[in-house]
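Okay, so here's the structure we're looking at.
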Amino acid sequence: MLDAGSDEGRQAAAHFRAKGRLTELEAGQVLIPGLVDLHVHAPQWPQLGQRLDLPLEQWLQRYTFPLEARYADLDFAAEVYPVLVDALLAQGTTTAVYYATIHVEASVLLAQTCLAKGQRALVGRVAMDHPAECPDWYRDASAEAGVADTRRFIAAVQALPGAETGLVRPAITPRFIPACTDALLKGLGELAAETGCHVQTHVSESDWEHDHVLARCGASDAASLDAVGLLTRRSVLAHGVFLSGPDLDLLAARGAGVAHCPLSNVYFSDAVLPVRKVFAHEVNIGLGTDISGGANASMLNSARHAVIASRTLESGVDPDLPRAARRREGARITAAEAFWLATAGGGIVLDTAIGLFKPGYAFDAVVIDPSRGLHMAPEDGPEALLEKLIYLGGQANIAAVWVAGRRVR
Ligand code: GUN
Ligand code: FE
């Protein structure tokens, strides 16, 4: 990276201008690191913005498993996935961590779509085999079949033309402990050790989910995943609202990270993730949208909700409780911290050099145009712009997008 004001910088600019290869920002525009969405359910795209009237365990059975089962049809996947990837790039999401479905071919198609469109991605073929929690028309036939299909998916993604750059990588994806038998979890843990692939799952998301795992496993989600080798430096754990202090210490020791999805938590989690507590335990953390549990595809919106949720946690919500009983002092995070979570924090969780402009980091970048609705005043400096971007920003402000140096929007 060069300082544009230095002699070297001016020379480089002149050189690339002469070659017609210089992109110059318009007055008022700024360049930010690309947004990193740590948690997206790609197949749930068709139900974004609806069907949030049921608790998690009923929502899965009533709406979500039937929708995901439709991706057995590759034509349906081919209709949805390109639209989704385009939509996220338009929102400035340069990296997305996707759950697909149990179907190997459709899941590979999602990875192929990301490669074709130039989005950095981790893609997971979902593993789920527990007969008590998964319908017989949407589950792995056995633990062995779930591991074998995951293995086949990893090999297929790694063999895609273009995948050798590491732009798109496979992730081992046990849906969540309730949906997986012990044998499947163990097999996937062994596969993680063997392949070194990223792992993604849901952790301590809601009262029901957290209590279900305690009752079945006699231990928390975090301890249960650790026991089978699924807590690694490359594990991305969605939600984590009910992670205890010892759970967080375990995550920190393993280098596993949390994907905070504040909007989804409103509907499914029964509580707000105390982000400050996660910071205090020095656990890696970034942000996700949790499409479609979170009814918004924008990571700027997710950052906004992270701020709002933290303020709500600090103040408490029930006015009939006394102030002291209602409050959690010092829970708030700032807009700047939420922006960090949406960029650099996500990069750290993924153990990937993205989310910062720094030598050695990929050029994943977004041009922000504040002229559309950020109401900039002449005296507004970079801090005001950042705050307004988080509180007011959206797709209209995303003027251009690069991933790994390639212009993709
Ligand atoms: N837990 C297991 N599956 C899901 C899902 O699809 N969305 C959310 N939010 N939580 C889950
Ligand atoms: Fe989720």
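Counting begins at 1 with the first residue of the sequence. Computed from a prediction, not measured in an experiment: that's the story for all the values here. Remember, it's 1-based here, ligands and their atoms both numbered in the order they're listed.
With ring centers used as reference points, F76 lies 6.0 Å or more from Y81. Between H202 and H39, the ring centre distance stays below 6.0 Å.
The 12-atom threshold is exceeded at CD of Q50, counting heavy atoms of other residues, nucleotides or ligands nearer than 6.0 Å. Residue-environment remark: CD (Q58) exceeds the threshold of 12 foreign heavy atoms within 6.0 Å.
When heavy-atom distances to ligand 1 are checked against a 4.0 Å cut-off, W59 comes that close only through its side chain, counted from C-beta outward. Only the side chain of F268 comes within 4.0 Å of ligand 1, counting heavy atoms alone; its backbone N, CA, C and O stay farther away. Counting heavy atoms under 4.0 Å from ligand 1, residue Q44 touches it through the side chain alone.
Residue R175 has at least one heavy-atom neighbour below 4.0 Å for each of these atoms of ligand 1: 2 (C), 3 (N), 4 (C), 5 (C), 6 (O). Interface atoms of ligand 1 facing F176, defined by a heavy-atom separation under 4.0 Å, are 1 (N), 2 (C). Applying the 4.0 Å criterion to heavy atoms of L56 picks out, from ligand 1, the atoms 8 (C), 10 (N), 11 (C).
For the atom pair CG of L48 and CZ of R51, the computed distance is 11.5 Å after rounding to the nearest 0.5 Å. With rounding to the nearest 0.5 Å, the separation of CG in L386 from CD1 in I32 is 8.5 Å. Separation of atoms CG (L350) and OG (S235) is listed at 11.0 Å; rounding is to 0.5 Å.
Distances from the Fe ion (ligand 2) show that C261 has no N/O/S atom below 2.8 Å. Distances from the Fe ion (ligand 2) show that H39 has an N/O/S atom below 2.8 Å. Here E205 does not reach the Fe ion (ligand 2): none of its N/O/S atoms is less than 2.8 Å from the metal.
For D290, the N, O or S atom closest to the Fe ion (ligand 2) goes by the atom name OD1.
What sits closest to atom 9 (N) of ligand 1 on the protein, heavy atoms only, is D290 OD2, 2.7 Å.
By the 4.0 Å N-to-carboxylate-O rule, R233 lies close enough to D351 to be salt-bridged with it. Ion pairing between R328 and E314 fails under the 4.0 Å rule for side-chain N and carboxylate O.
The heavy atom nearest to atom 7 (N) of ligand 1, out of those in H41, E205, H39, E68, is found in H41.
Vertex the Fe ion (ligand 2), arms ending at NE2 of H41 and NE2 of H202: the angle is 90° after rounding to 10 degrees.
H239 counts as a contact of ligand 1, since one of its heavy atoms falls under 4.0 Å from the ligand.
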